[in-house]
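Worksheet for the structure shown next.
Excluded from the calculations below are hydrogen atoms, water molecules and symmetry mates; all remaining heavy atoms, backbone and side chain alike, are included.
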Amino acid sequence: MIFLRKLGRPSAHREALLRNLVTALVKHEQIITTLPKGKELKRVADQLVTLAKQNTLASRRRALGYIYEPDVVKKLFAEFPLRYAQRNGGYTRVLRMENRRGDNAPMCLVEYVDRPAKPTTTTTTSPSTITTTATTTKAQQPQLASS
């Protein structure tokens with residue numbers, strides 16, 4: 001394995017932390033973490049995308065040995081080689097965010113470059129809809145019997 005920052009943890013805890021982070025990153029395609037963890041995560045995540053681009057049985061088994069969830073490995077090998085076929089590295093980016101409230105730790109957003117944007121659903125409500133809904137919900141409330 002490559003040399004990593006110690007991150008103030010024993011080696012087994014550090015390895016488990018990075019495995020959890022990379023599993024979450026592949027699953028959600030962006031995560032928020034502290035800056036030192038994010039910088040180390042970028043190195044590991046880029047290596048896993050390179051493994052996925054090789055698309056051999058050995059590379060799939062290496063990814064299965066590192067990522068905790070088999071469904072995430074399927075996603076890694078199905079989507080990422082097609083998305084990054086023309087890119088030779090730099091699959092992730094680390095964007096600094098404001099420091100965490102409480103302990104003032106530097107935070108960052110780690111995300112994949114060229115990730116598809118999720119469709120945003122916007123709902124518009126007119127005042128007539130709001131009043132109709134409020135009237136309907138009052139009528140649906142159970143009546144308490146007075147004794």
Side-chain angles (χ1 to χ4, degrees), residues 1-138 140-141:
M1 192 68 198
I2 58 173
F3 177 76
L4 300 171
R5 288 180 177 91
K6 294 193 184 286
L7 299 174
R9 290 166 172 78
S11 60
H13 187 193
R14 182 172 52 248
E15 189 71 21
L17 170 79
L18 288 172
R19 289 176 69 185
N20 279 323
L21 285 173
V22 79
T23 301
L25 180 64
V26 173
K27 186 175 186 178
H28 301 290
E29 299 199 10
Q30 75 173 11
I31 59 170
I32 297 174
T33 185
T34 60
L35 188 60
K37 290 178 196 172
K39 287 181 177 181
E40 291 307 310
L41 173 63
K42 177 179 173 33
R43 295 173 64 187
V44 175
D46 283 351
Q47 287 181 351
L48 284 174
V49 174
T50 303
L51 274 179
K53 285 175 71 174
Q54 292 173 2
N55 201 14
T56 62
L57 180 60
S59 63
R60 185 176 292 267
R61 286 180 176 165
R62 283 184 62 192
L64 279 167
Y66 200 80
I67 294 177
Y68 284 124
E69 300 177 21
D71 294 335
V72 175
V73 175
K74 288 178 187 175
K75 177 182 178 181
L76 179 71
F77 278 80
E79 296 177 12
F80 287 59
L82 300 175
R83 189 186 308 172
Y84 299 117
Q86 301 300 319
R87 189 178 284 268
N88 290 329
Y91 309 112
T92 55
R93 73 169 60 107
V94 178
L95 300 171
R96 289 178 184 253
M97 298 175 63
E98 59 186 33
N99 291 353
R100 182 167 53 199
R101 193 171 169 198
D103 62 352
N104 204 29
M107 300 299 287
C108 69
L109 172 78
V110 182
E111 67 179 356
Y112 281 107
V113 179
D114 301 333
R115 67 184 180 92
K118 290 191 176 188
T120 57
T121 56
T122 57
T123 56
T124 57
T125 56
S126 63
S128 61
T129 310
I130 293 171
T131 56
T132 306
T133 307
T135 312
T136 308
T137 49
K138 272 190 170 181
Q140 292 176 352
Q141 290 179 350

Inset, instruction - Rounded to the nearest 0.5 Å, what's the gap from OG1 on Thr33 to NZ on Lys39? Could you check? - result: 12.5 Å

Legend entry - Test item: Thr56 and Ser59 side chains (from C-beta on) under 4.5 Å apart, heavy atoms: yes

Legend entry - Ionic contact status for Lys27 with Asp71, cut-off 4.0 Å: no

Inset, instruction - Check whether any side-chain heavy atom of Leu21 lies under 4.5 Å from a side-chain heavy atom of Val44, and answer yes or no. - result: no

Legend entry - Salt-bridge present (Asp46, Lys42; N to O < 4.0 Å): yes

Legend entry - Minimum side-chain heavy-atom gap Leu48-Tyr91 below 4.5 Å: no

Legend entry - Pairwise distance CG(Asn20) to CG(Leu41) - rounded to 0.5 angstrom: 11.0 Å

Inset, instruction - Taking atom CG of Asn104 as the centre, report whether more than 12 heavy atoms of other residues, nucleotides or ligands fall under 6.0 Å from it. - result: yes

Inset, instruction - May I ask you to check whether over 12 heavy atoms, not counting those of Arg62, lie within 6.0 Å of atom CZ? - result: no

Legend entry - Derivation and outcome, side-chain contact (heavy atoms from CB on, under 4.5 Å), residues Leu51 and Tyr66: CA-CA 11 Å; Leu51 274 179; Tyr66 200 80; over 6 Å; no

Inset, instruction - State whether the number of non-hydrogen atoms from other residues, nucleotides or ligands found under 6.0 Å of Arg9 atom CZ is greater than 12. - result: yes

Legend entry - Pair Glu15 + Arg19: basic N to acidic O under 4.0 Å: no

Inset, instruction - Begin from the C-alpha positions of Asn55 and Arg60 and carry the test side-chain contact (heavy atoms from CB on, under 4.5 Å) through to its verdict. - result: CA-CA 7 Å; Asn55 201 14; Arg60 185 176 292 267; 3.8 Å; yes

Legend entry - Glu40/Lys37 salt bridge by N-O under 4.0 Å criterion: no

Legend entry - Min side-chain heavy-atom separation Val113-Thr92 under 4.5 Å: no

Inset, instruction - Grab the two heavy atoms, one from Phe77 and one from Ala52, that are nearest each other, plus how far apart they are. - result: CE2-CA, 3.6 Å

Inset, instruction - Using modelled atom types only, decide if a donor and an acceptor are shared between the side chain of Lys53 and the backbone of Arg87 within a distance under 3.5 Å. - result: yes

Legend entry - Gap between atom CG of Leu64 and atom CG of Leu76 - 0.5 Å precision: 9.5 Å

Inset, instruction - Evaluate the side-chain proximity of Cys108 to Thr34: yes if any heavy-atom separation is below 4.5 Å, no if none is. - result: no

Inset, instruction - Run the ring-centre check on Phe80 versus Tyr112 and record whether the distance is less than 6.0 Å. - result: yes

Legend entry - Arg115, Arg93, Arg83 screened by salt bridge (charged side-chain N to carboxylate O under 4.0 Å, His left out) with Glu29, the one that passes: Arg83

Inset, instruction - Kindly determine whether Val72 and Val22 satisfy side-chain contact (heavy atoms from CB on, under 4.5 Å), including the steps that lead there. - result: CA-CA 10 Å; Val72 175; Val22 79; over 6 Å; no

Inset, instruction - Would you check if Met107 and Glu98 make a side-chain contact, meaning some heavy-atom pair closer than 4.5 Å? - result: no

